[in-house]
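Per chain, numbering begins at 1; letters A, B, ... match sequence-line order.
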Amino acid sequence: MKLTRRDLLVMGSVGMGATLMGVMPAIASLTDDEIAKIAGDAEIVAGELFVTAPEIAENGNTVPIQVTAPGAVMVAIFADGNPVPNVATVKFGPLNRSRSASTRIRLAKTQNVVAIAQMEDGSFQKAKSNVKVTIGGCGG
Amino acid sequence: MASGVKPRVKVPKTAKAGDTITIKTLISHKMESGQRKDSDGNLIPRSIINRFTADFNGQNVIDVTLEPAISTNPYFQFDANVPETGEFKFTWYDDDGSVYETAKKISVS
């Protein structure tokens, strides 16, 4: 059977489709990998940790967020749609009883801001906030 | 040393013992994320503040590891409980090895 160009095109696009399908979930799970690095196999509950972020961010280059983690020793913040999901890791000292911190971050596109908190007793909590971004903030 | 880097800190001048005060910190820094391309299409290398710490009378209050996702001119706001009169020391560590410091005194009654 003669291999027409149409056949080649179909084979090619199916192959691309298959590869894309394989790659897509990988991006979201980059964040999961980072979370696993911190928390290991520990069960992560919702707890009192929460992330405050605007629902819609007009400028992805500076999105104000606040993380409050009563009783936490450390909070790691991720943005699961950024090229590199890590955003910041905050360690609280004994003089910081309110365990909350605010900052401004860059978000490449609409995504979740995920926070993992390590509590004083060694357990972990997780919270996330979805932010819609109109103009991406990673220069792309 | 990244040029034009200037830290600005807002700490109340006085407080009562045991009060929770809000501290605002800002440092002017480009925070080059390493994702941008220049006009020739080359990737501009990453150059950011990678760590920020605040101590009060030698005790650590907050220690933040920053990644490229923190915005230009990193802004951090957090709380601290002040048991006594003393001095806050704020330190920012740059990728290129520079260290920027500033200190603020607070008197507690």
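Follow the hydrophobic side-chain contacts under 4.5 Å out from Val84(A) and you never reach Phe78(A); the two are in separate clusters. There is a path of hydrophobic side-chain contacts, each under 4.5 Å, that joins Val61(B) to Val108(B). Note: the hydrophobic cluster containing Phe90(B) does not contain Tyr75(B) (ILVMFWY, side chain heavy atoms under 4.5 Å, direct or indirect links).
The side-chain contact (heavy atoms from CB on, under 4.5 Å) with Val64(B) is formed by just one residue from the set Val75(A), Ile77(A), Val90(A), Thr103(A); it is Val90(A).
Shown here for Asn96(A) and Ile62(B), the closest heavy-atom pair between the two residues is ND2-CD1, 4.2 Å. Taking both residues in full, the closest heavy atoms of Ser98(A) and Asp79(B) are given as OG-OD2, 2.7 Å, listed atom of the first, atom of the second, then distance. Taking both residues in full, the closest heavy atoms of Asn86(A) and Ala69(B) are given as O-CB, 3.8 Å, listed atom of the first, atom of the second, then distance. Pairing each heavy atom of Met31(B) with each of Arg106(A), the nearest pair is O-NH2, 2.8 Å.
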Exercise for the section: Test Ser71(B) against Asn61(A) for side chain to side chain contact (heavy atoms under 4.5 Å, CB included), laying out the working first. Expected result: CA-CA 6 Å; Ser71(B) 299; Asn61(A) 253 312; 5.7 Å; no

Exercise for the section: Show your reasoning for whether side chain to side chain contact (heavy atoms under 4.5 Å, CB included) applies to Met74(A) and Asp63(B). Expected result: CA-CA 9 Å; Met74(A) 182 266 284; Asp63(B) 181 346; over 6 Å; no

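Arg97(A) contributes no side-chain N or O that, together with a main-chain N or O of Asn81(B), makes up a donor-acceptor pair within less than 3.5 Å. Remark: the backbone N or O of Phe76(B) is not paired with any side-chain donor or acceptor of Arg104(A) at under 3.5 angstrom.
Partners of Phe56(B) under the ring pair (Phe, Tyr, Trp, His ring centres under 6.0 Å) rule, at least two apart in sequence or in another chain, are Phe88(B).
Residues of residues 63-71 of chain A that come closer than 4.5 Å to chain B, counting heavy atoms only, are Val63(A), ordered by residue number. Interface residues of residues 124-131 of chain A toward chain B, defined by a heavy-atom distance below 4.5 Å: none. Using non-hydrogen atoms only and a strict 4.5 Å limit, no part of residues 6-19 of chain B faces chain A.
Here the straight-line distance linking atom OG of Ser102(A) with atom NZ of Lys24(B) works out to 9.5 Å at 0.5 Å rounding.
Proximity to chain A (any heavy atom under 4.5 Å) is restricted, for Pro83(B), to the side chain, taken from C-beta onward. Both the backbone and the side chain of Thr72(B) come within less than 4.5 Å of a heavy atom of chain A. Heavy atoms closer than 4.5 Å to chain B are found in both the backbone and the side chain of Ala101(A). Heavy atoms of Leu26(B) lying under 4.5 Å from chain A belong exclusively to its side chain.
Looking at Asn82(A) and Glu67(B), their side chains never come closer than 4.5 Å, going by heavy atoms from C-beta outward.
The environment of CD in Glu58(A) is sparse: at most 12 heavy-atom neighbours from other residues, nucleotides or ligands sit within 6.0 Å.
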